[in-house]
Amino acid sequence: MKFLGLEISRAGATEAGQVRVEPPVMAAAVEAGVSGIAAPKPWLTEIGWGGPSLSAKLPRVAPQRAEQHGTVFACCNNIAGDLAKVPLKLWQRQADGQEVRVRDHPANYLLNVEASPGVPAKIMRFALVYAWALRGNGFAFGPRDGGGELEMIELVDQDVCTPLKAGRDRFYDFTDGAGIARRVASRSMVHLRYMALDGWTGRSPLQVAAETVGLAFAGQESAARSVSGAHSKAYMKLGESYEDDQTRTRNARRIKETLLNSNSDGIPVLGPDEDIKSLDLTAADQELLASRKFDREQLAAIYRMPPSKLQMLEYGVKANGEQQAIDYLTDCLFHWSGLAEQTMAMAVLTRREREASFFLRHDFDALLQPTVKERNEAMHKAIGGPFMTPNEGRRKIGLEPVDGGERLNPAPNMTRDDSAGKSDSKGNEK
């Protein structure tokens with residue numbers, strides 16, 4: 001270094017310190033490649049989606065692109081909507097196998113009433129499951145107070161939440177609702193992940209079947225171009241007997257306006273050397289559009305969604321609608337709800353509570369609402385069975401209990417008087 005204009009260095013130093021040279025920064029490269037968190041470039045949010053494609057012409061399968069397909073949106077919307085509209089209740093399984101509802105726990109309020117300040121629990125659960133079904137990962141922040149009690153379950157930006165790994169520990173970088181950048185352990189996050197082969201890295205079903213989904217997107221784009229008129233519908237052959245190019249162009253415009261004008265008769269006047277050739281859909285084009293029906297079936301199968309839930313009514317009629325609802329519940333909703341219940345329990349319940357057999361379960365009885373006739377018939381059979389006391393039945397339908405309603409009605413075969421109506425050998429009744 002220099003002092004009063006003199007070069008001063010340590011004793012024994014033989015080489016001068018090297019000056020650090022920064023690499024040149026190209027403005028064009030910065031503008032093209034930099035992607036910030038506030039406004040990320042599309043390629044940043046599509047990392048990990050689609051993978052290498054067998055055909056470079058297939059559309060890339062990305063979350064924003066995927067939900068533009070009606071079938072994909074319907075599948076994710078059905079799963080998220082049906083899981084959000086039923087209560088998510090907390091239960092405890094006792095030593096004798098009896099399951100008892102746990103009501104005095106903060107998770108009940110956060111999962112069914114208000115998840116975070118001003119955010120209803122149903123909105124939080126819908127958004128969390130929707131992102132999970134679409135992206136394969138759904139993130140929410142679940143901080144705890146000094147006593148270990150859960151304070152809230154807050155949705156975070158699904159695009160910029162980054163999981164980190166340190167050995168077997170997992171951490172998450174994100175920005176919370178207050179705009180504070182945080183890095184928290186997995187204990188403070190609700191992380192729904194689908195098809196996580198390592199237990200942590202979720203994969204979207206669309207990502208796994210990227211080729212099939214890409215073909216479906218390509219078919220939709222082709223159909224959209226056909227409807228919008230982006231391809232040639234016809235071509236005109238003009239003669240060579242025009243005086244100049246302006247006259248030739250003016251005549252071509254006249255013929256085109258005649259064909260496109262809805263008020264005209266659609267019959268243009270042509271010269272002897274002119275012709276119009278319509279380019280109607282070929283058999284191959286019609287088969288391509290018909291294959292979109294097959295695409296819907298494939299997308300429904302990816303999400304385990306019954307075709308009837310996607311208004312593909314050729315697979316059933318109203319007579320078997322009840323069986324279709326049961327199939328949807330057992331084949332689709334139970335699959336997704338079981339994964340969501342256990343994953344959310346890992347975040348909202350402590351280890352001691354889980355060891356004490358606390359668990360979460362969706363109440364799907366809300367989906368199977370009976371008619372008044374069916375309800376009354378079921379209550380009549382349950383109370384007269386005996387299976388249920390009259391007051392238990394009255395409470396289920398919102399009526400006040402009555403005196404003597406806590407006793408089970410005896411079974412009908414236990415109330416008969418076998419001696420009544422019997423006669424002796426002379427025909428006289430006893």
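Since this is a predicted model, take the numbers as computed values, not measurements.
Side-chain atoms of Asn137 never come within 3.5 Å of backbone atoms of Trp132 as a donor-acceptor pair (strictly under, hydrogens ignored). At least one donor-acceptor pair closer than 3.5 Å links the side chain of Arg296 to the backbone N or O of Leu310. A donor-acceptor pair under 3.5 Å links the side-chain atoms of Asn391 to the main chain of Val402, judged by distance alone. The backbone N or O of Asn108 lies less than 3.5 Å from a partner atom in the side chain of Asn112, making a donor-acceptor pair. No donor-acceptor distance shorter than 3.5 angstrom exists from the side chain of Glu154 to the backbone of Asp176, with no hydrogens or angles considered. Between the Arg193 side chain and the Gly138 main chain, no donor and acceptor come within less than 3.5 Å of each other. Remark: the backbone N or O of Glu99 is not paired with any side-chain donor or acceptor of Gln92 at under 3.5 angstrom. Between the side chain of Arg144 and the backbone N or O of Glu149 there is no donor-acceptor pair closer than 3.5 Å. Between the Ser204 side chain and the Leu134 main chain, a donor and an acceptor come within less than 3.5 Å of each other. At distances below 3.5 Å, not a single donor-acceptor pair connects side-chain atoms of Ser188 with backbone N or O atoms of Val184.
A salt bridge links Arg395 with Glu406: the closest approach of a Lys/Arg side-chain nitrogen to an acidic carboxylate oxygen falls below 4.0 angstrom. In summary, Arg135 and Asp159 engage in a salt bridge, as defined by a charged side-chain N under 4.0 Å from a carboxylate O. Electrostatic pairing of Asp331 and Arg304 does not count as a salt bridge here, judged by no charged N lying under 4.0 Å from a carboxylate O.
Under a cut-off of 6.0 angstrom, the local environment of CG in Asp96 is crowded, with over 12 non-hydrogen atoms contributed by other residues, nucleotides or ligands. For CD of Gln342, the number of neighbouring non-hydrogen atoms (other residues, nucleotides, ligands) closer than 6.0 Å is 12 at most.
Less than 6.0 angstrom separates the ring centroid of Tyr194 from the ring centroid of His335. Ring centroids of Phe334 and Phe364 are separated by less than 6.0 Å, placing the two rings close together. In this structure, the ring of Phe139 has its center no less than 6.0 angstrom from the ring center of Phe174.
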Pair Thr175, Val160 - check side-chain contact (heavy atoms from CB on, under 4.5 Å), show working.
CA-CA 8 Å; Thr175 301; Val160 296; 5.6 Å; no
For side-chain contact (heavy atoms from CB on, under 4.5 Å), just list the numbers for Val213 and Ile302, CA-CA rounded to whole Å, side-chain angles, deciding distance to a tenth of an Å, and then say yes or no.
CA-CA 10 Å; Val213 177; Ile302 289 174; 3.9 Å; yes
For side-chain contact (heavy atoms from CB on, under 4.5 Å), just list the numbers for Val119 and Met152, CA-CA rounded to whole Å, side-chain angles, deciding distance to a tenth of an Å, and then say yes or no.
CA-CA 10 Å; Val119 179; Met152 61 180 175; over 6 Å; no
Test side-chain contact (heavy atoms from CB on, under 4.5 Å) on Cys332 and Ile79 and set out the steps.
CA-CA 8 Å; Cys332 181; Ile79 294 170; 4.1 Å; yes
If you apply the rule side chain to side chain donor-acceptor pair (under 3.5 Å), what do you find for Tyr303 with Asn78, and how did you get there?
CA-CA 10 Å; Tyr303 281 100; Asn78 287 345; over 6 Å; no
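Between Asn77 atom CG and Lys309 atom NZ the span is 10.0 Å, to the nearest 0.5 Å. Of the inter-residue distances, the one linking Phe126 atom CZ with Asp82 atom CG reads 10.0 Å to the nearest 0.5 angstrom. How far CG of Leu90 is from CG of Leu349: 6.0 Å, rounded to the nearest 0.5 Å. Taking CZ from Arg361 and CD from Glu341, the interatomic distance works out to 8.0 Å, rounded to the nearest 0.5 Å.
Looking at heavy atoms from C-beta onward, Arg394 lies out of side-chain contact with Pro401 at the 4.5 angstrom threshold.
Contact between Ala216 and Leu299 at its shortest, heavy atoms only, is CB-CD1, 4.3 Å. A pairwise comparison of heavy atoms in Ala300 and Thr71 identifies N-CG2, 4.5 Å as the closest pair. Contact between Gly405 and Pro390 at its shortest, heavy atoms only, is O-CD, 3.3 Å. Contact between Leu339 and Thr343 at its shortest, heavy atoms only, is O-OG1, 2.7 Å. Residue Tyr172 comes nearest to Ser186 through the heavy atom pair CE1-CA, 3.7 Å, listed as atom of the first residue, atom of the second, then distance. Residues Leu150 and Pro106 come closest through the heavy atom pair O-CB, 4.1 Å.
Taking Glu400 as the reference, nothing meets the salt bridge (Lys or Arg N to Asp or Glu O under 4.0 Å) condition, with sequence neighbours excluded.
For residues 100-125, no pair satisfies salt bridge (Lys or Arg N to Asp or Glu O under 4.0 Å), with sequence neighbours left out.
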